[in-house]
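Comments concern the structure below.
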Protein chains: 2
Amino acid sequence: MADLETFYNLCMQKGLKITPQRIEVYKTLAACSDHPSVDAIYKRVKKVLPNISFDTVNRTLNTFNDIGAAFVVGGDNVKRFDGNLEKHHHFKCVKCRNIIDFKHNEFDNVKVPEHLGQMFKVLKTTIFVEGLCRTCLEKDNKLK
Amino acid sequence: MADLETFYNLCMQKGLKITPQRIEVYKTLAACSDHPSVDAIYKRVKKVLPNISFDTVNRTLNTFNDIGAAFVVGGDNVKRFDGNLEKHHHFKCVKCRNIIDFKHNEFDNVKVPEHLGQMFKVLKTTIFVEGLCRTCLEKDNKLK
DNA sequence: AACAAAATAGTAGTAATTCCTATATAGTAA
DNA sequence: TTACTATATAGGAATTACTACTATTTTGTT
């Protein structure tokens, strides 16, 4: 994730006020290498700002998502945020629904097709692999 | 989505019983070109099977996801199902969170890296593009 | 036709997320 | 600095999505 100064600029550009809550949520998310849920981030931020409310954390994260300072991953019950702006890709087990990051340089420079680039402002392109993880595969085999 | 006979075979292979509810959910999902939520599918199926319960629809869709007869898309609050097994890719607007399908032949034969293929049984590989759709872009510009 | 395992209907329950409103704060301009 | 206005926050209530539970029904098989 980018540094705080970039964050300040982004906020000013979007007309968002810089508040201690936003700064702390931003720093917390930036320090995560996993895909924390809102609740997980809330608990961590609460250690620094004990009075912060769950709603504020949730609203702030959604705001970050809107302005492209964070991304939502998942597709499951719990919304998870990805503050890792370093290029990486996702594998998702369709059974246990865990999402695992992986890096693969060849995937990092995928060219978006012309017609899409004209219709949308593209912020991010990732490869999304779905299948069965080893644990779920073994469970499947045992059932037979 | 594949035809009913393929569905029957898949069920037998996995030891799942073939019920009118499962058949109807399958047919309904197959007829959708969008990404319906559980609730949307429930409402449609209810027209044919008025007594079906929400729980059954939800459970059935999750079962389909488990056996690879459908996929979950989204990563937002509401779980959405994709019954379109034809090769296609997704664009997601980070702001309004709509997911739009697009086809691009060059994306259809992405090779999964060696180490991943060894760790997981890969069922599907798609390109996931995130950014801002035209509507949201225009709203953003108006705010300034 | 009878049986056992699996699936369903109809809630009730749980957990995640958003909404509401009074209060507090950030950024701006005098 | 001070005052002002728009925005943001805290706290809790409300809403929504999803899952769990149990009695009953059904499937696939003897």
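In what follows, chains carry the letters A, B, and so on, assigned in the order in which the sequence lines appear, proteins first and then strands, with residues in each chain numbered from 1. Below, all heavy atoms of this structure are taken into account, side chains as well, without hydrogens, waters or symmetry copies.
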Gap between atoms [atom1] and [atom2], on [X] and [N] respectively (whole Å):
| X | N | atom1 | atom2 | value |
| --- | --- | --- | --- | --- |
| B/Phe81 | D/dA17 | CZ | P | 14 Å |
| A/Tyr42 | C/dT17 | OH | P | 14 Å |
| A/Ile23 | C/dG27 | CD1 | C1' | 14 Å |
| A/Ile52 | D/dA8 | CD1 | P | 14 Å |
| B/Asp55 | D/dA23 | CG | P | 16 Å |
| A/Phe54 | C/dA16 | CZ | C1' | 7 Å |
| B/Asn62 | C/dT8 | CG | C1' | 15 Å |
| B/Lys14 | C/dA7 | NZ | P | 14 Å |

Does A/Asp66 pair with B/Arg97 as a salt bridge, N-O distance under 4.0 Å? yes
Closer than 4.0 angstrom, basic N to acidic O: yes or no for A/Lys111 and B/Glu106? no
By nearest atom, which of the nucleotides [options] is closest to the [X] side chain?
| X | options | value |
| --- | --- | --- |
| A/Ser53 | D/dA10, C/dG27, D/dC18 | D/dA10 |
| A/Arg59 | C/dA9, D/dA10, C/dT17 | D/dA10 |
| A/Lys17 | D/dC18, C/dG27, C/dT18 | C/dG27 |

Min side-chain heavy-atom separation B/Thr60-B/Val57 under 4.5 Å: no
Counting only side-chain N and O atoms of [X], is one of them less than 4.0 Å from OP1 or OP2 of [N]?
| X | N | result |
| --- | --- | --- |
| B/Ser37 | D/dA17 | no |
| A/Thr19 | D/dA8 | no |
| B/Gln21 | C/dA9 | yes |
| A/Asn58 | C/dC19 | no |

With heavy atoms under 4.0 Å as the rule, sort [X] into base, sugar-phosphate or nothing.
| X | result |
| --- | --- |
| A/Asn51 | sugar-phosphate |
| A/Asp39 | nothing |
| A/Arg22 | sugar-phosphate |

Kindly assign one of parallel, tilted or perpendicular to the pair A/Phe128 and B/Phe128, based on the angle between their ring planes and the thresholds 30° and 60°. tilted
Could you check B/Lys46 against A/Pro20 and say which one's nearest nucleotide on DNA chain C is further toward the 5' end? B/Lys46
Going by the side chain to side chain donor-acceptor pair (under 3.5 Å) test, name the single residue among A/Asp55, A/Thr56, A/Asn51 that passes it with A/Ser53. A/Thr56
